[in-house]
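One structure below.
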Amino acid sequence: MEIVFEETNYPLESLNDLQKGYPEAIKLIHFIKSWIHGNSSFEFQTSGSTGIPKTITISKDQIIASVHGTISFLGLEKNHKALICLDPNFVASLMMAARCLVNDMDLILKRPSSNPLQSVKEPIDFASFVPIQIYKMIEDGSIDQLGEIKNILIGGAPLTQSAFNRLTEVNTNIFVTYGMTETVSHIALMSVKGNYSEALFKVLPGIQIGQDEEGCLHIVGQVTQGQVVQTNDIVEIYNSDKFRWLGRRDHVINSGGIKIHPEQLEKSIESLINSDFIISWKSDLHLGSECIIITEGQRLSNDQLNEIEKAIAMDFSKYHIPKQCMEIDAFERTDSGKVKREETRKKALGLL
């Protein structure tokens, strides 16, 4: 394994020199050093998108199991070149480095930017991006550059339908990831091909899935050390290795006895709103909670609201239609760009 950063090659014995040139990557470099020195466990930090970020201990065996699942699924080979263009402090970057260490792949390291491919000159076999980078590439017309990369992962937040549809036109292997720090990165991948509404996650080799009584996914495998990891993600399981993600149990809005899954409403109307938005709730004397829309930096017109009402009534029911639309300048987000729904809701309602 060799690391290339700013057109300079760094063998593993030159990591101190790399750290001098890229001090912001100290966490990534420390992870690589610890791996080389034979550490048997590592500390990873959860994202904080659904609670307070916390540090958890992950064993080397768990990481290796995750790496082998990805290698097997994607057919990655020794001497392939992998691109890291994410924040080097993120678990996603550490796991990209782990895949290179285990599979003896070379690592192309780039500073994170909204469109990292503008500065990439080397041929790339494997890369990982977050949705905001994909949206920027679509916006500036450079998205077809992805066709030069053999395998692409997109994770950190859901991908919009419009972006999914545009990516189906790119002739390469693109996957949306499902996973969390507790499962040592992704445990399932969704191929970005075909119809968005029919796309399913397929679990990696060595992973078993099931549901609790409320329909929430649970996961077990070597990556969890044989322990069941229970999630709050409501899913539809189609067979032993395929599922559709519907939303989070802790996001469900109970409005007068009607259970509303905000993520599903968001999917149904995202083509009608050309700004970031979320479906959320506020207290109501009669309903307990009422459904609302919160937009970021854009006020919806009456025509848009009428179209939204029609779409939701057709796809769901009149009881799912948001009762109010609110606008704020900026959503509350984690460092990785995920919207903090509860903090954003409180900000919109003046409760922070």
Side-chain angles (χ1 to χ4, degrees), residues 1 12 27-28 30-47 54-80 82-84 86 88-107 125-128 150-156 173 175-191 200-211 216-231 233 235 237 239-243 245 336:
M1 173 186 170
L12 293 181
K27 187 171 183 177
L28 175 65
H30 176 72
F31 172 81
I32 296 172
K33 286 180 178 179
S34 298
W35 187 282
I36 294 169
H37 293 155
N39 283 28
S40 60
S41 63
F42 303 84
E43 290 189 343
F44 285 3
Q45 187 169 16
T46 63
S47 68
K54 60 182 179 180
T55 299
I56 62 175
T57 300
I58 301 294
S59 73
K60 192 170 192 175
D61 288 342
Q62 287 175 273
I63 295 172
I64 291 172
S66 173
V67 167
H68 283 317
T70 301
I71 289 171
S72 174
F73 193 103
L74 298 178
L76 301 177
E77 298 176 4
K78 181 179 179 180
N79 296 324
H80 272 177
L83 171 68
I84 291 182
L86 306 172
N89 295 307
F90 288 177
V91 171
S93 293
L94 305 187
M95 287 303 298
M96 286 294 285
R99 293 169 194 131
C100 291
L101 287 160
V102 172
N103 206 38
D104 194 18
M105 299 187 294
D106 289 332
L107 178 57
D125 299 288
F126 179 41
S128 182
K150 294 180 181 177
N151 292 286
I152 295 166
L153 303 182
I154 303 172
N173 298 317
F175 300 90
V176 175
T177 68
Y178 174 88
M180 59 207 75
T181 307
E182 291 85 350
T183 59
V184 197
S185 187
H186 53 262
I187 56 91
L189 298 176
M190 175 197 293
S191 177
L200 301 175
F201 283 102
K202 182 175 175 59
V203 302
L204 269 57
I207 300 294
Q208 292 81 47
I209 58 173
Q211 289 171 289
C216 290
L217 182 72
H218 62 69
I219 301 156
V220 65
Q222 285 183 285
V223 296
T224 68
Q225 295 183 311
Q227 302 298 307
V228 174
V229 172
Q230 180 62 58
T231 77
D233 291 311
V235 299
I237 293 181
N239 54 40
S240 62
D241 66 353
K242 289 182 181 178
F243 67 90
W245 181 80
S336 61

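Predicted, not measured: the structure shown is a model, and the values here were computed from it. In what follows, residues are counted from 1 in the order of the sequence shown.
From Phe42, atom CZ reaches atom CD1 of Ile56 across 13.5 Å, with rounding to the nearest 0.5 Å. Note: Phe73 CZ to Asn151 CG = 10.0 Å, rounded to the nearest 0.5 Å.
Nearest approach of Val102 to Ile64, heavy atoms of both residues: CG2-CG1, 4.2 Å. Taking every heavy atom of both residues into account, Leu86 and Ser93 meet most closely at CB-OG, 3.6 Å.
Counting non-hydrogen atoms of neighbouring residues, nucleotides and ligands closer than 6.0 angstrom, the CD atom of Glu43 reaches no more than 12 such neighbours.
A 4.5 Å side-chain heavy-atom check between Gln222 and Asp61 finds every atom pair outside the cut-off. Here the side chains of Ile187 and Val223 are in contact, with some heavy-atom distance below 4.5 Å. At least one side-chain heavy atom of Leu204 sits less than 4.5 Å from a side-chain heavy atom of His186. The closest side-chain heavy-atom distance from Gln211 to Val235 is below 4.5 Å. Between Leu74 and Asn173 there is no side-chain heavy-atom pair separated by less than 4.5 Å.
Within the 3.5 Å criterion, the main-chain N or O of Met180 finds a donor-acceptor partner in the side chain of Thr183. Remark: the backbone N or O of Thr224 is not paired with any side-chain donor or acceptor of Gln227 at under 3.5 angstrom.
Classification of the Tyr178-Phe243 ring pair by plane angle, with boundaries at 30° and 60°, yields perpendicular.
If you check the side chains of Ser128 and Arg99, you find no donor sitting under 3.5 Å from an acceptor. In this model, no donor atom of one side chain and acceptor atom of the other lie less than 3.5 Å apart for Thr231 and His218.
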